[in-house]
Amino acid sequence: MIDLKFIRENPDVVKSSQKGRGEDESIVDQVIASDEIRRDAIEMFEKLRAQQNTLSKSVGGATGEEKAALLENAKALANSVKEADTKRAEAEDHTKQLVMKLSNILDPAAPIGGEADFVVLEHIGTPREFDFEPKDHVELGKLLGAIDTERGAKVAGSRSYYLTGSGALLEFALVNYAISMAVKAGFVPVIPPVLVNPAAMEGTGFLGQAAENVYRIEKDDVYLVGTSEVPLAAMHMDEVLSGDKLPMRYAGYSSCFRREAGSYGKDTRGIIRVHQFDKVEMFSFCHPDQAKEEHARILQWEKDFLDAMEIPYRVIDVASGDLGSSANRKFDCEAWIPTQNAYREVTSTSNCTEFQARRLNIRYKDGEGTKAVATLNGTLVAIPRMIVAILENHQNSDGTVNVPKALQPFLGKNRFELV
RNA sequence: GGAGGGCUCGCAUAGCGGCCGAGUGCACCGGUCUUGAAAACCGGCAAACGAAAGUUUCGUGGGUUCAAAUCCCACGCCCUCCGCCA
C-alpha cells in the first residue's frame, strides 16, 4: 500500500510508476478524487460526533422537562451521526480499495520494460567446457538414486517428486549450510507456520495478481504459503518495533507450495518448476532510509551462497513489468544450467520498501515518531533448483557428481556415487 | 469433538450504562535528598490521525441506547478439564 499522503502530493510519480509497470495509471486520479470525498466525510462526521458527545454529556445532568427537550435533540442528532458515520466508512473503504490496487512505486533505477528487458549486472564464474555430453538433472538424479519424478507423479501428480538417498542428503546439507551461514551473518533462524490466515496472505500481497498460484484450504479458511516470506513478514503484523533494534533479520526454513497455474508446458521435465519445495529465505525489517543498502547486503549473501556452491551465475536487474506488486526493485541470481545452455533463476531478492509494512501495519518507533518499516526478502537457497544446478554443473562423465567443498563437511563425502 | 473460565495502558489488576481514555500496584523516565547507591518524596508515563479544535481505540465485528469498557449477538484467541491423537 502506498502512503495516501504521498499519492496526494506526488500523483505524477505514482502515475509514471504505474505506467512503467504496464499497469493502469488512471487509478491515481480515482484515488485522489475518492480521497477528497473521504476527507470531507471524515470532517463532517467528526463535527457531528463532537456535538453529540457534548450533548450526551449534558443529558446526564439534566432532569424533568429540560431533560426531555435535550433527549429530543439528541435523538435527532444521533441519526445524523449515524448517517455521517456510514458515509465516512464507505468513503474510507472505497479509497482504501483503490489505493490497494496500486503497486509499489518503482525504484527509478529499475529498468523499464517486460520480462525480456532485464539488465545483466554481472557474470560470475565461467560456464564449464564439457569434454563429454553433459546429462541433465533428471538423468543424473536417476543414476544417483537422488530424484524420482516418476513415482512423484504417480503419488502426487505432475510437478511432484521424491528426493531419495543422495538427493535427500543433499537437501539436508544445503539447508544446514544455509542456516549456519545465516546465523553467522546475524539472522535469527525461524521455522514458521506454512498454513496461514487470510490477513497474512493479503497483507504480504499474495492475494492480488499472484492469487491463482496460491493453494487455499477452503474449509478452514487458511492458505498454504508459497514462500516463508509470508509468515516472516506477518510475524510482526500490527506491531510497533523499536527503532534501535533495526534491522531485524530472520532466516526462515519452510516448505513452499505453488499451484503453478498458467505455467502449463513450461519446465515440465524435472524439478525446476514444482508444486512443493523447501527453501531458506532471508527476511529483513529495516529502516526505510537503509533499505537500498540492505538490499545490496541480501544480494551479497545470495552471491556468497552461489560462490560457495562453485556455480557460474549472473545477476540481473529485473525489469519493471516483471516485478511483483510489492517490490520496488528486484535482483535475480541465475545459475548456469549446462543442458539448457542458459542461465536460470535460482534466487531472487526484492526491496518492498514500506509497501508491505503498511499493508501489514508494521511500524517502528524512534525519537522522531512512529513510521512504517521497510521490508526486504531474498532467497538464500531454494532446494530443487540448487540441486539441479549442482548436479548439472559438477557432473563427471560417468554420471557421478562432485560435492562442492563447502558442503563436504555436511555430507561427509566429496562425491555422489552411482547406485 | 464435549464442558467451563478469561481477553482493559509494558506487566499485574480495578472498573456502578453518563463523574472512565479509564483507577491502583509493579516496571520505566526525570527531579529532590545522598560522597555514591538504595530507600523515601515530587513529577511524568497507552496509541493513531490532525496545524489545532477535535476524533478514534478497553480481543474483532455487529446490535440496543441520547450515551457502551460496562447490556445483547456472532466470531477470534488464550487457559482448565474430558475424549481422540503424532
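The sequence lines fix the lettering, A, B, ..., with proteins before strands; numbering per chain opens at 1.
The closest side-chain donor-acceptor pair between A:D304 and A:Q300 falls under 3.5 angstrom. Inspection of the A:D307 and A:Y313 side chains reveals an N or O donor paired with an N or O acceptor under 3.5 Å.
Annotation: B:U65 and B:A12 have their C1' atoms spaced 33 Å apart (nearest Å). Using P as the reference atom, B:A22 and B:C72 are 25 Å apart when rounded to the nearest Å. Straight-line distance between the P atoms of B:A14 and B:A51: roughly 40 Å, to the nearest whole Å. Atom P of B:C58 sits at a distance of 36 Å from the matching atom of B:A39, rounded to the whole Å. Taking the P atom of each, B:A46 and B:G83 are spaced 48 Å apart, rounded to whole Å. When the C1' atom is compared between B:G43 and B:A53, the two are found 28 Å apart, to the nearest whole Å. Distance noted for atom P between B:C19 and B:U57: 15 Å (whole Å). The same atom, P, is picked in B:G4 and in B:U13; the two are 23 Å apart, to the nearest Å.
Set against B:A48, B:C66, B:U56, the side chain of A:R49 has B:U56 as its closest nucleotide. You'll find that the side chain of A:F45 is closest to B:U55, out of B:C66, B:A47, B:U55. The side chain of A:E46 lies closest to B:G54, out of B:A47, B:C66, B:G54.
Atom CG of A:N79 is separated from atom P of B:U64 by 11 Å (rounded to the nearest Å). B:G50 atom P lies 9 Å from atom CG of A:D3, rounded to whole Å. Following rounding to the nearest Å, A:K371 (NZ) and B:A48 (P) show an atom-to-atom distance of 12 Å. Straight-line distance from the CZ atom of A:R8 to the C1' atom of B:C49: 11 Å, rounded to whole Å.
Remark: B:C75 base-pairs with B:G59. Criterion, Watson-Crick or G-U wobble with two distances under 3.5 Å. Across all strands shown, nothing is found opposite B:U70 as a Watson-Crick or G-U wobble partner with both distances under 3.5 Å. In this structure, B:G21 makes no Watson-Crick or G-U wobble pair, since no nucleotide meets both defining distances under 3.5 angstrom. Look at B:A51: it lacks any Watson-Crick or wobble partner with both distances under 3.5 angstrom. Across all strands shown, nothing is found opposite B:A39 as a Watson-Crick or G-U wobble partner with both distances under 3.5 Å. Figure legend. B:C33 is base-paired to no nucleotide; pairs are counted as Watson-Crick or G-U wobble with both atom distances under 3.5 Å. When both distances must be under 3.5 Å, the Watson-Crick or G-U wobble mate of B:G10 is B:C26. As the counterpart of B:A3, B:U80 is assigned, both hydrogen-bonding distances of the Watson-Crick or G-U wobble pattern falling under 3.5 Å.
Residues A:R273 and A:E260 are paired through a salt bridge, judged by an N-O separation under 4.0 Å between the basic side chain and the carboxylate.
The phosphate of B:A67 has OP1 or OP2 within less than 4.0 Å of a side-chain N or O from A:Q52. Taking side-chain N and O atoms only, A:K75 has a distance below 4.0 Å to OP1 or OP2 of B:C66. Regarding contacts with the backbone of B:A47, every side-chain N or O of A:T370 stays at 4.0 angstrom or more from both OP1 and OP2.
When ring centroids are compared, A:H295 and A:F331 come within the 6.0 Å threshold. Aromatic ring centres of A:H236 and A:F283: separated by at least 6.0 Å.
Annotation: of the two residues near RNA chain B, A:K82 and A:K5, the 5′-most nearest-nucleotide partner is A:K5. If A:R363 and A:N53 are placed on RNA chain B by their nearest nucleotide, the residue sitting closer to the 5' end is A:R363.
Between A:H287 and A:Y364, the two ring planes are tilted [angle within 30° to 60°].
Figure legend: A:R151 and A:Y162 shown without cation-pi pairing, the cationic atom not lying both under 6.0 angstrom from the six-membered ring centre and within 45 degrees of its axis.
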